[in-house]
*Asks:* 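There's a structure below that I have some questions on.
The residues of the chain are indexed from 1 along the displayed sequence. The basis for the numbers below is simple: all heavy atoms, side chains too, and nothing from hydrogens, waters or symmetry mates. Please read these numbers as outputs of a predicted model, since none were measured by experiment.
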Amino acid sequence: MNLIYTITSSVIIPHGITDLTHCKKQNLIYLLLTYILSFIFVITVSYINQYFHIVTFLISSLIHFKDDFIYLNYSNIISFLLSSLIIIIPIFMTIFDLLYFAEIFILSYMIILHVPLHYKKVSIKRIDIITIVLLSIIMGLYIPSILIYIENNNLNSFECKSLISLVLGHTIWNKYK
């Protein structure tokens, strides 16, 4: 199994569960609605343009990463520029057939900065740790094969669109909650 996909599945993807574990009961319907509408949006735009869901993923990631730098007290402009670099550098690496290095670059950013900052921003609680560990184990076993399928076969697959819709929902929820 690919180590990059295992780390992605068991470290990066589970950080989104805090959206649910930190959601107040009165906001649960809004959380679910955010994720459902994100899914509908991603599926719809992919019918309009075959790869627009990828653009949605990149823009969503840029917005989400910008908040990391704002949290670290950088100005809006610097935060935007830094988050743009986090997106643009792997794109250029991929264009020059350096996919492995692009994956390592984004994985390093996610593990070193984004995920720890997310846990700090949401003030992770002891009960969250149990949920995150269980989810990490489950996703670490199941999701790598989906990521391999997406990379090797089809960026237009239902699985790819579903993961992108989760990223979009997570971004929207954390931006406007």
Side-chain angles (χ1 to χ4, degrees), residues 3-24 27 30-31 33-35 37-39 41-42 45 51-96 98-125 128-129 131-133 135-136 139-140 143 147 150-151 155 160-177:
L3 182 60
I4 290 173
Y5 297 137
T6 302
I7 292 170
T8 301
S9 301
S10 55
V11 176
I12 297 169
I13 293 175
H15 86 276
I17 195 64
T18 57
D19 294 352
L20 183 59
T21 61
H22 283 249
C23 185
K24 295 176 183 166
N27 292 334
Y30 299 115
L31 173 67
L33 192 59
T34 299
Y35 275 84
L37 290 174
S38 295
F39 179 77
F41 176 78
V42 169
V45 298
Y51 292 106
F52 195 70
H53 60 287
I54 303 297
V55 174
T56 300
F57 171 74
L58 295 172
I59 292 170
S60 175
S61 296
L62 185 139
I63 292 166
H64 197 47
F65 296 162
K66 179 179 174 264
D67 290 342
D68 288 346
F69 297 106
I70 294 212
Y71 183 78
L72 294 171
N73 294 318
Y74 287 94
S75 70
N76 277 327
I77 293 170
I78 298 297
S79 295
F80 176 78
L81 292 173
L82 290 170
S83 62
S84 295
L85 283 175
I86 299 298
I87 302 300
I88 292 169
I89 289 172
I91 290 171
F92 278 112
M93 288 178 173
T94 303
I95 289 170
F96 293 108
L98 300 168
L99 180 61
Y100 177 77
F101 295 105
E103 290 173 338
I104 294 297
F105 178 84
I106 197 68
L107 190 69
S108 298
Y109 170 73
M110 295 295 289
I111 290 173
I112 293 168
L113 190 63
H114 179 72
V115 172
L117 273 181
H118 177 78
Y119 288 141
K120 186 176 179 184
K121 285 189 263 184
V122 299
S123 301
I124 191 167
K125 296 178 174 77
D128 293 330
I129 294 170
T131 306
I132 291 165
V133 168
L135 194 60
S136 295
M139 289 189 165
I143 302 292
L147 296 175
I150 290 169
E151 183 177 327
L155 290 175
C160 182
K161 294 171 189 173
S162 296
L163 286 175
I164 289 172
S165 74
L166 289 174
V167 171
L168 179 61
H170 177 69
T171 299
I172 293 169
W173 183 253
N174 282 275
K175 187 77 177 163
Y176 298 108
K177 65 179 175 183

*Asks:* For the pair Ser9 (side chain) and Thr6 (backbone), establish whether a donor and an acceptor sit closer than 3.5 Å, ignoring hydrogens and angles.
*Replies:*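 It does not hold such a pair.
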*Asks:* Does Asn27 use its side chain to pair, donor to acceptor, with the backbone of Cys23 at less than 3.5 Å?
*Replies:*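 Judged by distance alone, no pair lies under 3.5 Å.
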*Asks:* For Tyr51, does the OH atom have more than 12 heavy-atom neighbours from other residues, nucleotides or ligands under 6.0 Å away?
*Replies:*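 Correct, the count exceeds 12.
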*Asks:* Do Thr131 and Leu20 have side chains that approach each other closer than 4.5 Å (heavy atoms only, starting at C-beta)?
*Replies:*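 The answer is no; the side chains never approach within 4.5 Å.
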*Asks:* Given Val11, which of Thr8, Ile13, Ile7 fulfils the side-chain contact (heavy atoms from CB on, under 4.5 Å) condition?
*Replies:*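 It is Ile7; the other options fail the test.
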*Asks:* Taking atom CD1 of Ile95 as the centre, report whether more than 12 heavy atoms of other residues, nucleotides or ligands fall under 6.0 Å from it.
*Replies:*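 Counting neighbours around CD1 of Ile95, more than 12 heavy atoms of other residues, nucleotides or ligands fall under 6.0 Å, so yes.
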*Asks:* Applying side-chain contact (heavy atoms from CB on, under 4.5 Å), run through Tyr100 and Ile4 and close with a yes or a no.
*Replies:* CA-CA 9 Å; Tyr100 177 77; Ile4 290 173; 3.7 Å; yes
*Asks:* Can you check whether Leu72 reaches Leu117 side chain to side chain, under 4.5 Å on heavy atoms?
*Replies:*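 They are in contact (side-chain heavy atoms under 4.5 Å apart), so the answer is yes.
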*Asks:* Measuring from atom CD1 of Ile70 to atom CZ of Phe80, what distance do you get when rounded to the nearest 0.5 angstrom?
*Replies:*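 Result: 11.0 Å between the selected atoms.
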*Asks:* About how many Å separate CD1 of Ile111 and CD1 of Ile106, when rounded to the nearest 0.5 Å?
*Replies:*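 Here the rounded value is 11.0 Å.
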*Asks:* Just do the side-chain contact (heavy atoms from CB on, under 4.5 Å) check on Ile132 and Thr21 with the steps written out, would you?
*Replies:* CA-CA 10 Å; Ile132 291 165; Thr21 61; over 6 Å; no
*Asks:* Find the distance between CG (Leu99) and CD1 (Ile104) and round it off to the nearest 0.5 Å.
*Replies:*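 If I round to the nearest 0.5 Å, the distance is 10.0 Å.
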*Asks:* On a heavy-atom basis, which atom in Gly169 and which in Thr34 lie closest, and how many Å separate them?
*Replies:*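 So the minimum-distance heavy-atom pair works out to O-CG2, 3.7 Å.
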*Asks:* Do Ile78 and Phe69 come within less than 4.5 Å of each other through their side chains, counting heavy atoms only?
*Replies:*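 Not touching, per the 4.5 Å side-chain cut-off.
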*Asks:* Are the side chains of Val115 and Tyr119 in touch, meaning some heavy atoms are under 4.5 Å apart?
*Replies:*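 Side chain of Val115 against side chain of Tyr119, heavy atoms only: contact under 4.5 Å found.
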*Asks:* Should Leu107 and Ile12 count as side-chain neighbours, where that means a heavy-atom distance under 4.5 Å?
*Replies:*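 Answer yes - side chains close enough.
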*Asks:* Rounded to the nearest 0.5 Å, what's the gap from NE2 on His170 to OG on Ser60? Could you check?
*Replies:*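 So the gap between those two atoms works out to 9.0 Å.
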*Asks:* Is the closest side-chain heavy-atom distance between Ile87 and Ile59 below 4.5 Å?
*Replies:*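 Result no, sub-4.5 Å side-chain heavy-atom pair not found.
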*Asks:* Out of Asp67, Asp19, Asp68, which residue meets the salt bridge (charged side-chain N to carboxylate O under 4.0 Å, His left out) rule with Lys121?
*Replies:*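 In the set Asp67, Asp19, Asp68, the residue that makes a salt bridge (charged side-chain N to carboxylate O under 4.0 Å, His left out) with Lys121 is Asp68.
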*Asks:* Quick check for you: to the nearest 0.5 Å, what is the distance between Ser79 atom OG and Leu62 atom CG?
*Replies:*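 Reported to 0.5 Å precision, the distance equals 10.5 Å.
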*Asks:* Test your reading of the model: is there a side-chain donor-acceptor pair from Thr171 to the backbone of His64, 3.5 Å cut-off?
*Replies:*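 Not a single qualifying donor-acceptor pair exists.
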*Asks:* Would you say Ser165 and Tyr35 make side-chain contact, with heavy atoms under 4.5 Å?
*Replies:*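 The answer is no; the side chains never approach within 4.5 Å.
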*Asks:* Taking the side chain as every heavy atom from C-beta outward, state whether Cys160 and Ile54 have any pair of such atoms under 4.5 Å apart.
*Replies:*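 Answer yes - side chains close enough.
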*Asks:* Quick one: pull up OG in Ser61 and CE in Met110 and give me the separation to the nearest 0.5 Å.
*Replies:*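 Ser61 OG to Met110 CE: 7.5 Å, rounded to 0.5 Å.
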*Asks:* Between Leu81 and Tyr74, does the side-chain contact (heavy atoms from CB on, under 4.5 Å) criterion hold? Intermediate values first, please.
*Replies:* CA-CA 10 Å; Leu81 292 173; Tyr74 287 94; over 6 Å; no
*Asks:* Strictly distance-based, threshold 3.5 Å: is any side-chain N or O of His53 a donor or acceptor partner for the main-chain N or O of Ile164?
*Replies:*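 No.
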*Asks:* Using the rule given for side-chain contact (heavy atoms from CB on, under 4.5 Å), can you reason through Ile124 versus His118, listing the C-alpha separation, both sets of side-chain angles and the distance that settles it, and then say yes or no?
*Replies:* CA-CA 9 Å; Ile124 191 167; His118 177 78; over 6 Å; no
*Asks:* So which heavy atom on Leu85 is nearest to which on Phe105, and how close?
*Replies:*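 That would be O-CE2, 4.2 Å.
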*Asks:* Using atom types as modelled and distance alone, determine if a side-chain donor or acceptor of Ser10 lies under 3.5 Å from a backbone N or O of Ser136.
*Replies:*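 Not at all, since once roles are kept as given, no pair shorter than 3.5 Å links the two residues.
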